[in-house]
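Values reported hereafter were calculated over all heavy atoms of this structure, with side chains retained and with hydrogens, waters and symmetry mates removed. Numbered from 1 within each chain, the chains take letters A, B, ... in sequence-line order.
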Number of protein chains: 2
Amino acid sequence: MARADGAARAATLSDVARAAGVSLATASKAINGRDQVAPATRERVMRAAEELSFTPNQLARSLIAGRTGTVGLLTSDLEGRFVIPILMGAEDAFGAGQVNVFLCDARGDAIREQHHLKALLNRRVDGIIVVGRQTDPRPSLGHDLPVPVVYAYAPSDDPTDVSVTPDNVAGGRLAVEHLLACGRTRIAHITGDPEYAAAQDRAIGVRAALADAGLELVGDVRFSTWSEHWGRDASAMLLAQHPDVDGIVCGSDQIARGVLDTLRDLGKRVPEDVAVIGYDNWEVLATNSRPELTSIDANLQQLGRTAAMRIFEAIERTDGAEPGAGVHHLPVRLVIRGSTVARR
Amino acid sequence: MARADGAARAATLSDVARAAGVSLATASKAINGRDQVAPATRERVMRAAEELSFTPNQLARSLIAGRTGTVGLLTSDLEGRFVIPILMGAEDAFGAGQVNVFLCDARGDAIREQHHLKALLNRRVDGIIVVGRQTDPRPSLGHDLPVPVVYAYAPSDDPTDVSVTPDNVAGGRLAVEHLLACGRTRIAHITGDPEYAAAQDRAIGVRAALADAGLELVGDVRFSTWSEHWGRDASAMLLAQHPDVDGIVCGSDQIARGVLDTLRDLGKRVPEDVAVIGYDNWEVLATNSRPELTSIDANLQQLGRTAAMRIFEAIERTDGAEPGAGVHHLPVRLVIRGSTVARR
DNA sequence: TAGCGTGCCGAAAGGCCTTTCGGAAGGTTT
DNA sequence: AAACCTTCCGAAAGGCCTTTCGGCACGCTA
């Protein structure tokens with residue numbers, strides 16, 4: 001266990017002051033770069049601090065400042081597929097080392113969530129980011145909290161909260177527009193659980209883009225589960241009914257993987273005969289398929305950055321005003337790979 | 001932004017004391033369940049606290065106790081594939097709400113790691129768990145830290161540190177033993193980057209188990225990259241040279257997915273003709289393949305729990321002794337699915 | 001030489017809580 | 001009635017730091 005014998009008790013500021021032969025106040029000022037300290041004195045203090053390997057106790061600082069420089073990330077995203085990029089974006093935005101993040105996983109349990117929420121408030125976090133694992137609205141934490149809250153990925157069901165979530169409608173549009181640009185006109189849509197807002201929103205975008213182009217969807221939107229199995233089954237049925245389909249928009253990369261499997265089994269070439277586009281841009285799935293999968297990326301890291309910036313703004317302004325209430329739909333991004341455009 | 005107007009300043013203990021008509025000390029004792037307080041008085045204080053929605057400032061408490069009840073999780077695991085289960089295990093072990101975890105991602109950058117380390121120490125975490133993304137030893141943080149450190153997944157290169165890591169050799173053995181139990185005798189091994197200790201260790205286990213059974217590996221161990229592409233290519237070459245192979249141990253689930261693809265293309269039935277076993281038990285890959293993939297699970301959540309418990313022990317004992325220094329190899333687990341055993 | 005400004009330092013308060021210890025009030029024993 | 005104990009409460013110190021503000025010493029001007 002790494003615990004130095006000598007470091008049993010961390011050096012405190014008064015240790016430094018004594019070592020440097022100055023008062024507590026002067027030591028503090030020297031270390032924090034305040035003026036009112038002669039250069040020579042400052043030098044002396046700094047050297048003493050160095051020798052004692054003094055690190056200022058952030059607890060005491062926070063107590064005085066009334067601010068801890070910490071943020072709570074409250075999630076129910078078990079797998080961490082969404083929460084990790086969001087966390088990284090948040091870290092970026094805050095600036096490494098300036099702000100630290102408490103990560104709490106409520107595991108989809110409201111009681112545990114309350115528990116964690118209370119713990120975070122006791123620790124006097126400056127703000128809270130709530131990350132859901134679906135884009136369906138989730139219950140608000142309420143407005144009687146002493147710190148700002150931003151909802152990421154899953155928006156709050158209260159429109160006076162601040163929420164940031166990917167623009168799934170735009171994602172659906174983007175997918176179709178890309179297929180159209182590739183010259184496809186007979187386009188189908190296979191997606192996941194119809195209970196998910198993500199599935200519905202993407203389908204809306206798909207239909208809208210087709211309507212704009214004066215086209216209709218080939219067959220109905222096929223909803224079921226977010227799995228490869230469904231991708232395989234659905235595409236088999238689709239091809240049986242509509243052998244002339246030349247483009248398939250999938251509601252997730254998993255579904256797209258299944259679709260690719262079936263097309264391959266049926267002897268269809270991708271992208272020559274049928275172009276396939278996925279959703280989520282989950283690297284491990286998208287870059288390992290045959291061919292590699294074009295996909296829609298939700299820019300989760302950017303989402304995290306945005307959430308962090310919103311928190312930041314809210315922390316800065318002490319008037320308690322509520323800037324940017326409402327659900328903000330963030331743009332998504334197309335990542336083109338071999339499943340829609342043959343490689344040269 | 002959720003910020004109640006009335007909650008501009010959180011209630012402090014002296015507010016409660018005043019409201020209840022008692023002194024600071026009494027209020028403190030009442031709230032913390034100390035004796036030396038008359039039941040009636042306690043009741044009065046509790047009610048006042050309730051009404052003011054008082055939450056004790058954990059900062060001040062920590063300052064006094066010399067303990068914060070927080071732990072730092074320092075990772076370089078970008079994708080979070082390993083860190084999330086470990087984090088969850090740690091949360092479990094600490095007991096939700098008792099201890100909170102600061103998650104810091106160093107992104108494989110030593111400077112950033114130092115930065116985060118310093119921030120964690122300033123915040124006076126009680127301990128640090130370091131999570132790597134490979135099982136190769138990583139540089140120690142050193143022994144001159146004022147808090148205990150446990151290395152998880154990636155062990156420290158210093159044997160006097162405490163490390164917990166999955167037993168990859170046992171995993172390799174387990175895979176082969178399972179194939180043997182399934183009646184396979186012509187077993188090959190396709191795995192990832194030979195620079196990874198994980199690849200080497202698993203290969204050692206594979207060879208050892210075969211040797212114990214008086215068998216030899218079919219062909220050499222095939223090292224390359226941890227990708228589906230490699231799984232596809234390697235198995236194609238393997239089958240060309242050794243058409244009689246009847247079992248393939250893969251170094252990862254990704255590789256196994258590629259292997260399954262190729263076997264399917266070649267008209268081999270899995271598991272009837274060839275049994276395939278993966279590694280990592282990455283649900284999204286293992287349960288979506290055709291057939292579903294038998295795999296070795298590293299019990300990461302258990303790993304996290306163990307790491308947390310070690311930290312706990314070290315925190316408890318104030319004598320600075322170093323219990324359990326060294327690298328602890330934790331048992332892994334076989335998850336049987338359709339790729340080795342035909343479903344009934 | 002008296003008066004004034006400037007530059008630097010230190011005493012002390014304050015942030016929020018816990019704990020120790022002294023002491024008041026009430027009841028019990030001799 | 002005196003001595004004692006128990007029960008409960010409160011003053012104060014302490015944990016570590018920052019900030020305010022008063023004051024000392026020095027050098028300058030009149």
Side-chain angles (χ1 to χ4, degrees), chain A residues 7-46 48-49 52-70 119 121-126 146 318, chain B residues 7-46 48-49 52-70 119 121-126 146 318:
Chain A
R9 208 185 106 268
T12 121
L13 185 60
S14 50
D15 294 337
V16 176
R18 200 172 329 111
V22 298
S23 80
L24 219 59
T26 307
S28 172
K29 280 182 275 193
I31 283 177
N32 293 310
R34 294 263 163 291
D35 43 7
Q36 310 252 349
V37 180
T41 312
R42 162 162 297 143
E43 176 61 27
R44 205 145 34 90
V45 172
M46 293 303 253
L52 296 172
S53 66
F54 165 78
T55 57
N57 188 326
Q58 193 64 44
L59 262 54
R61 288 185 150 178
S62 302
L63 195 56
I64 296 162
R67 255 206 219 181
T68 54
T70 60
L121 293 178
N122 285 355
R123 294 201 186 284
R124 297 297 192 266
V125 294
D126 294 333
T318 47
Chain B
R9 206 184 108 270
T12 122
L13 186 60
S14 49
D15 295 337
V16 175
R18 200 171 329 111
V22 298
S23 81
L24 219 58
T26 306
S28 171
K29 280 181 276 193
I31 283 176
N32 293 310
R34 293 264 163 288
D35 43 7
Q36 310 250 349
V37 180
T41 313
R42 162 161 300 142
E43 176 61 26
R44 204 145 35 91
V45 172
M46 293 303 253
L52 297 172
S53 64
F54 165 77
T55 58
N57 189 326
Q58 193 64 42
L59 263 57
R61 288 186 148 175
S62 302
L63 194 57
I64 296 162
R67 258 208 216 179
T68 54
T70 60
L121 293 178
N122 285 357
R123 293 201 187 285
R124 296 297 191 269
V125 292
D126 294 332
T318 47

> Start at the 5' end of DNA chain C and walk down; is the nucleotide closest to G21(A) or to L63(A) reached first?
Replying inline: G21(A)

> Where is the tightest heavy-atom contact between V16(B) and A49(B), given as atom of each residue plus distance?
Replying inline: CG1-N, 3.9 Å

>> Show the nearest heavy-atom pair for residues T68(B) and V125(B), with the distance to one decimal.
In response: OG1-CA, 3.8 Å

> Would V45(B) and V37(B) satisfy side chain to side chain contact (heavy atoms under 4.5 Å, CB included), going step by step from the backbone distance to the final call?
Replying inline: CA-CA 10 Å; V45(B) 172; V37(B) 180; over 6 Å; no

> Which whole-number value in Å describes the distance from D35(A) CG to dT6(C) C1'?
Replying inline: 13 Å

>> Side chains of R124(A) and T55(B): any donor to acceptor distance under 3.5 Å?
In response: yes

> Which nucleotides of nucleotides 17-25 of chain D have their base under 4.0 Å from a protein heavy atom (B), which only their sugar-phosphate (S), and which neither (-), written as one string 5' to 3'?
Replying inline: BBB------

>> Tell me the interatomic distance from D15(A), atom CG, to dG15(D), atom P, rounded to whole angstroms.
In response: 11 Å

> Do the side chains of I64(B) and R61(B) get nearer than 4.5 Å, heavy atoms only?
Replying inline: no

